[in-house]
Number of protein chains: 2
Amino acid sequence: MASRGVRHDSMRARNLAVVLATIHRSGPHTRAALAERTGLTKTTVSSLVADLLEAGAVTESGAVRGGERGRPGVAVSLSGHRVAALGLEVNIDYLAACVVDLTRTVRLRRTVPADNRSSDPALILAGLRDLVKQTTAEAEAEGLRVIGGALAVPGTVEDGVLRSAPHLGWRDVRVADLIDLPFAVDNEANLAALGELWFGSGEADFLYVSGEIGIGAGLVVGGTVFRGTFGLAGELGHVVVVPDGPGCRCGGRGCLEVYAGQDALLGELASVPELVDRLESGDREALETCERAGHALGVALTSAVHLLDPGRIVLGGIFAPLFPWLEGPVGGALGARLAQMRGTPPAVVVSRTGADAAVLGAAGLVIQQVIAEPAGMLGL
Amino acid sequence: MASRGVRHDSMRARNLAVVLATIHRSGPHTRAALAERTGLTKTTVSSLVADLLEAGAVTESGAVRGGERGRPGVAVSLSGHRVAALGLEVNIDYLAACVVDLTRTVRLRRTVPADNRSSDPALILAGLRDLVKQTTAEAEAEGLRVIGGALAVPGTVEDGVLRSAPHLGWRDVRVADLIDLPFAVDNEANLAALGELWFGSGEADFLYVSGEIGIGAGLVVGGTVFRGTFGLAGELGHVVVVPDGPGCRCGGRGCLEVYAGQDALLGELASVPELVDRLESGDREALETCERAGHALGVALTSAVHLLDPGRIVLGGIFAPLFPWLEGPVGGALGARLAQMRGTPPAVVVSRTGADAAVLGAAGLVIQQVIAEPAGMLGL
DNA sequence: GCTATTAGTCCATAATCTGTACATAATCCT
DNA sequence: AGGATTATGTACAGATTATGGACTAATAGC
């Protein structure tokens, strides 16, 4: 809705972004190649690249021979040595942080165990602030300049305010000013989806299903997260599987979470690894639980596919280690219900990023902002 | 993905769009007000407005007094007298066309009854082409210049090709080159949603539920349609309501369409008006059918709300005349299931646009393109 | 070593927006 | 009624940025 007019400086800002995004998307380019790709002249590209070099966003990385004759070009590539972003995560039983450079290489990762269930927000935020100080200092010791951060929380977020995080017992907590740098807060499932996008398969279209205590989902279309009207989209856990099924803590009945949430899957078991052990040893009850959960997940995903039209489906969180036992029932339910409407139903695959999809996604989000708006973020 | 560099002419093109969009969004403005709104200088705005005047996109509509002293400004408003767009629709039993001017005033509307069930695409397209010629001629007689068109079809569309329209019996029909003007093709539910946006309530965020023989839905977020990865999003009719319910023609079981599609609602009755008659006279069976359909719709919409996060829900198509009998069960099912997760569940309202939501939306889509890119569409 | 070829820079030119000055047209105040 | 005040819209010089052709640089092939 901004709709501000374009002036000379925004034209240049935009062109800086175009050049940087081209390098980001398709790897190192010579200035000549950039000129061709962007439609700008060599002169303009040279001038833009000079600015980006000075800001530390790119580096010249030696001559490039294309095998043809003529003067070799100088490859300009993203610089991993100057600009970095901070990713943060608060979860039920840990705080996590990571530092990622412009090339999306993870430079630092740190996890602090903590019992955040029904703990005081102020206390946890203080702990987080310590973690920020520590990691920032370490990053700076490596010569990196941290230019922004983002935080993943297991709850719903509106305008930098955490509206509600039932598993933490938080309500309306203001976390936007955690550090005095550009800072964003977002839902864990959304950021995990972005983590999968940038640190996982590299596909630009998928639905990331985040199995935790609750079940969330982040839809990525064309490399951006779909958030819905109020930023609450993707609540896969409360999609209705059986309209008159057992009650759910959300007040509804027969939600997916009742059948495939962590509590339902574990039953009386203590942890996911324990469940995996049972499954591997062929425990009948465990197998049946998983089969049931997988079927429910398949039914809910059928509805999700019809409504959201994802490119593929990526199972993450606790669903990742259980994938071998879920794949069959999920794929079966999906295939049977979708075969006729779509040639091939979306592929169901396992997440490549481990448990830290969300922290990584948070850091990646900041990097994306730098790529999209280098002039603003780097002070050009 | 374009990522072409910005040059002087694209800067101006963008600024023309910014000025035009401001007038479109917030009504007539003086040049001075436009300058303030857009952040451009008065000089620049004057020059841009001069171009828009010449292109026939805006008109000066007399002096404006704000009550204060000082020289009165001249209001610049959208011109409804020069530029127009063509909306088209193919449906089961009719062809429709309309002409809408830049102010989104409907200037012409024409419906031709036709039996298009399993009819030859070529034949119908020929009929459509006749309709286009006729309406275009009439519009031009009124001094309007038709600068583009769009077609609504009851099926799925990819890149200007109709992939599949089961109710027409069409598959892979190329309709993009129906006229030699900028031309778009899209799904009926999507365009009906846009029709509701521009010719209905004016709200910018809602889920339009299009009850026809099948049940489709178009999600509008921030004034744009969400289309999903392949443009297939919004297939509300095949959201699962009862996982082991009766089979559906899509190959699945217990889809919404089985409970609330036109066939399910009418049963042995011939038409919707007949059903409304029965309902008004208190017919027990009709009331129960409606109650059941409404409940199923409420369950499917619960899933849709969790996944899509719409601002409100607009019931259109055959659901509009049945709204008095659906409102209760739909709202009940939604409210009971959503109350706890969201303060207030999205409001369920009836569509304000009648049966021609889709044709109007098609024409409106073209108008939107003109507003978004006047330089390209008007040859500036 | 000479030529063809491609990369990158220099500089004059062109397009567009900015900012100040100014003409214009109302209201307000005496 | 007439001057002061205030706001709108235009004119013109100045600033910013991209363009285009000329020029220098570096390499391969002959």
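All values reported here derive from a predicted model rather than from experimental measurement. So you know, we letter chains A, B, ... as the sequences are listed, proteins then strands, and number each from 1.
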*Polar pair under 3.5 Å, donor/acceptor by atom type, side chain A:R71, base C:dT6*: no
*Whole Å only: how far is the CE atom of A:M11 from the C1' atom of D:dA15?*
12 Å
_First of A:T30 and B:T41 reached from the 5' end of DNA chain C, by closest nucleotide_ = A:T30
*asked:* Using whole Å, what does the distance between atom C1' of nucleotide C:dG8 and atom CG of A:L40 come to?
replied: 15 Å
_Donor-acceptor pair, distance only, cut-off 3.5 Å: does the side chain of A:D205 make one with the backbone of A:G222?_
yes
*Would you kindly give the NZ-to-P distance between A:K42 and D:dA25, to the nearest whole Å?*
15 Å
_So A:V366 and A:M377, do their side chains get closer than 4.5 Å, heavy atoms only?_
yes
_Whole-Å gap separating C1' (C:dC17) and CZ (B:R14)_ = 15 Å
*Can you figure out which of D:dT27, D:dG9, C:dC17 approaches the side chain of B:S46 most closely?*
D:dG9
*Please state whether the phosphate of C:dA7, meaning OP1 or OP2, lies under 4.0 angstrom from any side-chain nitrogen or oxygen of A:R69.*
no
*In terms of side-chain heavy atoms, does B:S10 have a donor or acceptor partner in B:R4 at a distance below 3.5 Å?*
no
_Per A:T44 side chain, nearest of listed nucleotides D:dG9, D:dT19, C:dC17_ = D:dT19
*Whole angstrom value for the distance that separates P of C:dA15 from CG of B:D51*: 14 Å
*In whole angstrom, give the distance that lies between atom CD of A:E36 and atom C1' of C:dG8.*
15 Å
*asked:* Any N or O donor-acceptor pair under 3.5 Å from the base of C:dT16 to the side chain of B:H8?
replied: no
*Is B:V45 touching bases, backbone alone, or none of the nucleic acid, heavy atoms closer than 4.0 Å?*
nothing
*A:S47 vs B:A33, nearer the 5' end of DNA chain D by closest nucleotide*: B:A33
*asked:* Just the rounded figure in Å: distance from C1' of D:dA18 to CG of A:L34.
replied: 16 Å
*With respect to the phosphate group of C:dC17, does any side-chain polar atom (N or O) of B:N15 fall under 4.0 Å of OP1 or OP2?*
yes
*Does the pair A:R31/A:E60 count as a salt bridge with the N-to-O cut at 4.0 Å?*
yes
_Nearest to side-chain heavy atoms of B:A32, which nucleotide of D:dA18, D:dG9, C:dA25_ = D:dG9
*asked:* Taking atom types as they are modelled, would you say the side chain of A:T43 forms a donor-acceptor pair with the base of C:dC10 within the 3.5 Å cutoff?
replied: yes
*Between D:dT8 atom P and B:H29 atom NE2, what is the distance in whole Å?*
13 Å
*asked:* Strictly below 4.0 Å: does A:R7 bring a side-chain N or O up to OP1 or OP2 of D:dT16?
replied: no
*At their closest point, which heavy atom of A:R37 faces which heavy atom of A:T22, and how far apart are they?*
NH1-CG2, 3.9 Å
